Protein chains: 2
Amino acid sequence: MFRSIPNKELSQAGLELRIAAELRAAGLRATAPRRAIVRELLGDTSHPTAQQLFERLEGQLRTLSFATVYNTLRALNDAGHVGRLELGGAARFDPNVEPHHHAICESCGEVRDVPAPKAARAPRLSGFRISRVDHVYRGVCAPCLEAETQTS
Amino acid sequence: MFRSIPNKELSQAGLELRIAAELRAAGLRATAPRRAIVRELLGDTSHPTAQQLFERLEGQLRTLSFATVYNTLRALNDAGHVGRLELGGAARFDPNVEPHHHAICESCGEVRDVPAPKAARAPRLSGFRISRVDHVYRGVCAPCLEAETQTS
DNA sequence: ATGAGTGCAAATGCTTTGCATCCTG
DNA sequence: CAGGATGCAAAGCATTTGCACTCAT
């Protein structure tokens with residue numbers, strides 16, 4: 001999402017226009033709930049679940065349905081405008097659709113981005129046409145490692 | 001599972017003994033349902049779901065509970081004796097716990113193993129202690145590619 | 001014999017769907 | 001003003017859990 005948009009110094013109004021344009025580019029109408037969902041996910045590096053997005057947005061709109069959050073995220077994912085991470089439990093959503101990978105802390109559950117190496121050479125899988133590559137690194141993040149050390 | 005066991009020319013009886021030994025190594029009692037689950041998963045390269053395993057085993061045992069299949073697979077996974085793949089939808093289970101990766105066909109859903117390169121160099125993630133690396137290749141498998149060509 | 005394991009059913013968690021109403025393009 | 005989108009509730013899967021009974025160790 002916003003692949004080609006330099007969003008430094010983007011005015012509030014400009015951002016709103018951009019959000020609407022992105023939705024239409026995905027073949028979706030720029031309704032209030034959808035704009036709010038996109039606005040919230042945009043720039044969120046925490047890979048939130050649909051539930052988390054819903055909770056953050058509940059106060060902002062007069063009404064908001066769980067189903068709308070799910071349906072909108074699914075539509076955006078289908079259109080290739082947001083990423084969807086399946087790591088067990090609830091799916092997590094990612095505003096960054098550039099090729100990159102993820103590290104998940106098995107202690108606190110946090111998911112962090114891992115840049116994809118510039119020269120990402122995929123293995124050749126005889127006859128298999130690769131369209132997407134996901135790497136998932138599971139382990140323990142720095143803060144949790146430190147917490148472990150202090151306890152032991 | 002069976003990491004260190006040369007299972008060529010293993011007699012039927014020997015295999016059964018091995019299955020029981022593996023279960024005990026995982027801290028589990030070698031009950032009839034569990035033996036059947038391990039026996040079925042062993043040598044199955046299709047990465048079946050719990051549901052699929054249940055269906056295949058239903059006829060073989062006088063009774064078998066869904067819950068037992070789930071609980072056993074979870075226990076084996078917790079003990080590191082089977083792999084669990086989260087690719088969206090139902091989890092898939094893998095008897096192979098050696099480091100390797102997976103390719104999933106977005107057309108037919110089949111999951112195939114991808115060998116991990118011998119010198120697998122993981123990226124250094126400042127402070128993050130990596131315990132496991134999963135690569136998922138999404139795309140279209142050879143048979144589905146061919147089917148596509150013929151239709152178009 | 002003792003406690004882990006089983007089967008069954010109910011509960012839980014995540015996601016999708018049906019439908020009447022609302023609103024964008 | 002037509003068809004897409006919303007909200008709500010109910011349905012649908014996947015998985016887990018509670019509990020009385022059974023069986024492996």
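Every value quoted in this text rests on a predicted model; they were computed, and no experiment measured them. Every chain is numbered from 1, with letters handed out A, B, ... down the list of sequences.
Straight-line distance from the CG atom of B:Leu87 to the P atom of D:dA14: 14 Å, rounded to whole Å. Following rounding to the nearest Å, B:Leu23 (CG) and D:dT25 (C1') show an atom-to-atom distance of 14 Å. Residue A:Asp78 contributes atom CG, which lies 13 Å from atom P of D:dA5 at whole-angstrom precision. When rounded to the nearest whole Å, the span between CG of A:Leu73 and P of C:dC14 equals 15 Å.
For B:Arg84, the salt bridge (charged side-chain N to carboxylate O under 4.0 Å, His left out) partners at least two apart in sequence or on another chain are B:Glu86. Evaluation of the salt bridge (charged side-chain N to carboxylate O under 4.0 Å, His left out) rule for B:Arg24 yields no partner, not counting sequence neighbours. Checked against ring pair (Phe, Tyr, Trp, His ring centres under 6.0 Å), B:Tyr137 has no partners two or more places apart in sequence or in another chain. Judged as a salt bridge (charged side-chain N to carboxylate O under 4.0 Å, His left out), and not counting sequence neighbours, A:Asp113 has no contacts. By the salt bridge (charged side-chain N to carboxylate O under 4.0 Å, His left out) test, A:Asp94 is found to be paired with no residue, residues two or more places apart in sequence or in another chain being considered. By the ring pair (Phe, Tyr, Trp, His ring centres under 6.0 Å) test, B:His101 is found to be paired with B:His135, residues two or more places apart in sequence or in another chain being considered. Residues meeting the side-chain contact (heavy atoms from CB on, under 4.5 Å) test with A:Thr49, sequence neighbours left out: A:Gln51, A:Gln52, A:Ala90, A:Arg92. Residues passing the side chain to side chain donor-acceptor pair (under 3.5 Å) test with B:Ser46 are B:Asp44, sequence neighbours excluded.
Sequence neighbours left out, not one pair with a member in residues 111-132 of chain B passes ring pair (Phe, Tyr, Trp, His ring centres under 6.0 Å).
Residue B:Arg62 is out of contact with every strand shown, counting any heavy-atom pair closer than 4.0 Å. If you check every strand for non-hydrogen atoms under 4.0 Å, A:Arg35 touches nothing.
Exactly one of B:Ile19, B:Leu73, B:Thr31, B:Val82 qualifies for a side chain to side chain contact (heavy atoms under 4.5 Å, CB included) with B:Ile37. That residue is B:Leu73.
Dashed line: the shortest gap from a side-chain N or O of B:Tyr70 to OP1 or OP2 of D:dT16 is not under 4.0 Å. At D:dA14, none of the side-chain N or O atoms of B:Arg74 fall inside 4.0 Å of OP1 or OP2 (strictly under the cut-off).
Between the side chain of B:Arg35 and the main chain of B:Ala30, a donor-acceptor pair closer than 3.5 Å is present.
For residues 48-56 of chain B, proximity to DNA chain C is found at no residue, defined as any non-hydrogen atom under 4.0 angstrom from a strand atom.
The C1' atoms of five pairs define one axis at each end of the helix from C:dA1-D:dT25 to C:dG25-D:dC1, and these two axes lie 40° apart (to 10°).
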Response to the item:
Once base and sugar-phosphate atoms are separated, protein heavy atoms under 4.0 Å mark nucleotides 2-7 of chain C, 5' to 3', with B, S and - as -BBSSB
